[in-house]
> 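My questions all concern the structure below.
In what follows, every chain begins at residue 1, and chains take the letters A, B, ... in the order their sequences are listed.
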Amino acid sequence: MSLLDRFFDKVLNRKSVFRDKKALSIDYIPEELPHREQEILKLAGILANIIKGTRPSNVFEYGPVGTGKTAVTKLVMKKLYERARLHEIRFCFSYVNCRFYRSNYRALVKVAIDSGLRIPKTGLPTDVIFSMFVKRLEEKFDFFVVVFDEIDWLVKFSGDDILYQFTRLNGDLRNSSVSIIGITNDVKFRDYLDARVLSSLSEETVIFSPYSQGQLYDILLHRATLAFHNGCISDEAIRYVAAVAARDGDARRAIDMLRVSGEIADREGSNIVTLEHVKKACNEVEKNLIGEILAALPPNQQLLLLALASLSKKGNGKITTGSVKKEFDAFNKRIGRPTVTLRRLNDYIAELETLGIISSTVVSFGRYGRTRILKLEVPTEVLEEYLLKDSIYREIYLD
DNA sequence: CTTCCACCGGAAGTACCGGTAA
DNA sequence: TTACCGGTACTTCCGGTGGAAG
């Protein structure tokens with residue numbers, strides 16, 4: 001038997017610590033959501049009107065990342081759907097993650113498709129699709145609920161036109177009705193929303209608060225019993241994850257860490273997930289997060305970060321917009337790629353700032369102008385590790 | 001007090017792309 | 001094929017603006 005054959009056999013025969021890894025995936029929705037009973041009941045209470053035959057209020061859900069907004073909503077919608085079918089109520093819903101459907105047009109198409117219409121991804125005018133959707137509603141459904149998850153992305157990129165249209169849709173509908181659930185974690189979201197839309201959107205509000213360490217422990221324990229074989233994860237490991245994640249009460253990150261811990265244990269051929277595995281996982285998750293973000297960035301933004309890194313390495317004081325622009329232009333010239341205007345560069349800076357990769361503060365030097373002071377929020381070594389994989393970047397960076 | 005620097009950031013426009021309907 | 005539709009990725013234009021210098 002060859003080396004490889006023996007290796008494959010070994011992999012095949014190796015026992016995994018996982019019983020059901022799906023239970024730790026991001027889009028897994030368990031039947032039970034510990035410590036979210038209040039929120040589930042509140043949301044279900046609002047939507048239960050559908051079973052009774054009256055239109056439920058629009059709902060606005062607010063809370064930081066990883067507090068169960070999406071999970072609670074999906075769970076309630078699923079149960080509601082089953083229940084409505086039981087009572088032969090013509091009910092349908094659409095779940096739109098606005099991070100992916102961030103233009104009015106795309107979001108509308110997603111909703112229309114979920115209502116059962118066959119719509120091309122592009123090419124049709126918006127109002128045509130809207131009237132197709134309205135017709136569909138009148139013909140097929142008594143109730144329709146649209147969930148806009150991460151609704152702030154939609155509004156930020158495309159304004160609130162579509163929300164306005166949806167909120168006033170009920171006035172035109174005779175046989176059916178539409179309700180909207182908006183979900184966000186952006187505190188400032190309310191500021192850039194039209195007052196009319198805001199008031200009709202928040203007929204009801206459900207607030208989600210971060211999990212405490214104890215609550216995180218319960219959640220992790222619950223998921224771990226689903227995902228791991230009995231006794232394949234130590235209690236101290238779970239406690240450690242709960243403690244780390246308690247910093248920002250983010251259950252999604254905690255669950256992700258648990259999954260990676262298990263993968264590391266498998267990789268090392270261990271039959272139990274130990275504290276060591278978990279500690280490694282914490283580092284890996286953190287690093288991967290940054291790496292994935294950096295890799296997904298458009299080349300110009302990567303180059304901007306490189307320019308920033310190079311300037312901060314030279315270390316001659318504060319880095320202003322102007323100095324970055326100069327370095328950025330120089331880099332582009334060396335690669336032989338056209339550069340962009342300062343206006344566009346400002347947009348890059350703003351985008352990188354919302355991603356948390358850089359931070360900036362406006363300062364005034366009086367006579368010597370007003371500008372922004374830029375700072376990298378990611379260690380330069382980490383940045384170099386991920387960006388200098390590209391040989392073109394290496395050439396221009398190491399001067 | 002006024003000036004004026006070095007930008008900021010909104011609005012509108014341009015070019016190109018992939019798609020549909022007639 | 002042509003006339004649209006919407007998206008992306010910019011550019012052009014231009015009216016601000018905090019505060020040291022004059």
> Could you state the CG-C1' distance from A:L345 to C:dT11, rounded to the nearest angstrom?
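To the nearest whole Å, that distance equals 14 Å.
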> Do we see a donor-acceptor contact under 3.5 Å between the side chains of A:S94 and A:D114?
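Checked: A:S94/A:D114 side chains pair up, N/O donor to acceptor below 3.5 Å.
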> Less than 3.5 Å apart, any donor N or O on the side chain of A:D149 or A:T70 sitting next to an acceptor on the other?
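Distance-only check passes for A:D149 and A:T70.
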> Would you mind telling me which of C:dT11, C:dG7, C:dG19 lies closest to the side-chain atoms of A:S364?
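Of C:dT11, C:dG7, C:dG19, C:dG19 is nearest to the side chain of A:S364.
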> Using every non-hydrogen atom in the two residues, find where A:S360 and A:R372 come nearest and quote the distance to one decimal.
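Minimum heavy-atom separation between A:S360 and A:R372: OG-NH1, 2.7 Å.
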> If you measure from CG on A:L345 to OG1 on A:T339, what distance do you get to the nearest 0.5 Å?
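Answer for the CG-OG1 pair, A:L345 versus A:T339, is 7.5 Å.
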> Rounded to whole angstroms, how far apart are CG on A:N332 and C1' on C:dC10?
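One finds 14 Å between C1' of C:dC10 and CG of A:N332, rounded.
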> Looking across every strand, which nucleic acid part, if any, lies under 4.0 Å from A:F157 by heavy atom: base, sugar-phosphate, or nothing?
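No contact at all - A:F157 keeps every heavy atom at 4.0 Å or more from the nucleic acid.
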> How many angstroms lie between atom NZ of A:K375 and atom OG of A:S359, to the nearest 0.5 angstrom?
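These two atoms lie 5.0 Å from each other.
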> Take A:K42 and A:E39, measure what salt bridge (Lys or Arg N to Asp or Glu O under 4.0 Å) needs, and give me the verdict at the end.
CA-CA 5 Å; A:K42 179 149 188 202; A:E39 290 79 1; over 6 Å; no
> Note the angle between the end axes of the helix from B:dC1-C:dG22 to B:dA22-C:dT1, five pairs defining each, rounded to 10 degrees.
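It comes to 30° between the two terminal axes.
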> Would you find a donor on one side and an acceptor on the other, under 3.5 Å apart, between the side chain of A:H87 and the backbone of A:A84?
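Answer holds: no.
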> A:N104 has an atom CG; how far is it from atom P of C:dG6, in whole Å?
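Taking CG of A:N104 and P of C:dG6, I get 10 Å after rounding.
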> Nearest-Å distance, CG (A:L117) to P (B:dT20)?
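It is 16 Å, rounded to the nearest whole Å.
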> Rounded at 0.5 Å granularity, tell me how far OH in A:Y62 sits from OG in A:S202.
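It comes to 13.5 Å.
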> Expressed as a whole number of angstroms, how long is the span from A:F365:CZ to C:dT17:C1'?
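Those two atoms, CZ and C1', are 15 Å apart.
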> I need the CD1-P distance between A:I373 and C:dG18, as an integer number of Å.
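It works out to 17 Å between those atoms.
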> Among B:dA21, C:dA21, C:dG7, which nucleotide has an atom closest to any side-chain atom of A:L124?
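Of the candidates, B:dA21 comes closest.
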> Please tell me if A:T126 has a side-chain N or O lying less than 4.0 Å from either OP1 or OP2 of C:dG6.
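For A:T126, the contact criterion (side-chain N or O under 4.0 Å from OP1 or OP2 of C:dG6) is met.
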> Between C:dA20, C:dG19, C:dC10, spot the one nearest the side chain of A:N300, thanks.
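Side chain of A:N300 sits closest to C:dC10.
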> Tell me what A:T339 touches on the nucleic acid: a base, only sugar-phosphate, or nothing, going by heavy atoms under 4.0 Å.
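If one applies the 4.0 Å heavy-atom cut-off, A:T339 turns out to touch the sugar-phosphate alone, with no base involved.
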> For nucleotides 7-12 of chain B, just jot down a letter per nucleotide in 5' to 3' order: B, S or -, based on protein non-hydrogen atoms under 4.0 Å.
SSBB--
> Please determine, for the side chain of A:Y368, which listed nucleotide (C:dT11, C:dG7, C:dA21) has the closest atom?
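The closest nucleotide is C:dA21.
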> Between A:H229 (side chain only) and A:F18 (backbone N and O only), is there a donor and an acceptor less than 3.5 Å apart?
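Checking the backbone N and O of A:F18 against the side chain of A:H229, a donor-acceptor pair under 3.5 Å is found.
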> What are the two closest heavy atoms between A:L308 and A:V324, and how far apart are they?
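Closest approach of A:L308 to A:V324: CD1-CG2, 3.3 Å.
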> Between atom CZ in A:R344 and atom P in B:dG13, what is the gap in whole Å?
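After rounding, the reported distance stands at 19 Å.
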> Starting at OH of A:Y101 and ending at P of C:dG7, how long is that distance when rounded to a whole Å?
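After rounding, the gap between these two atoms is 14 Å.
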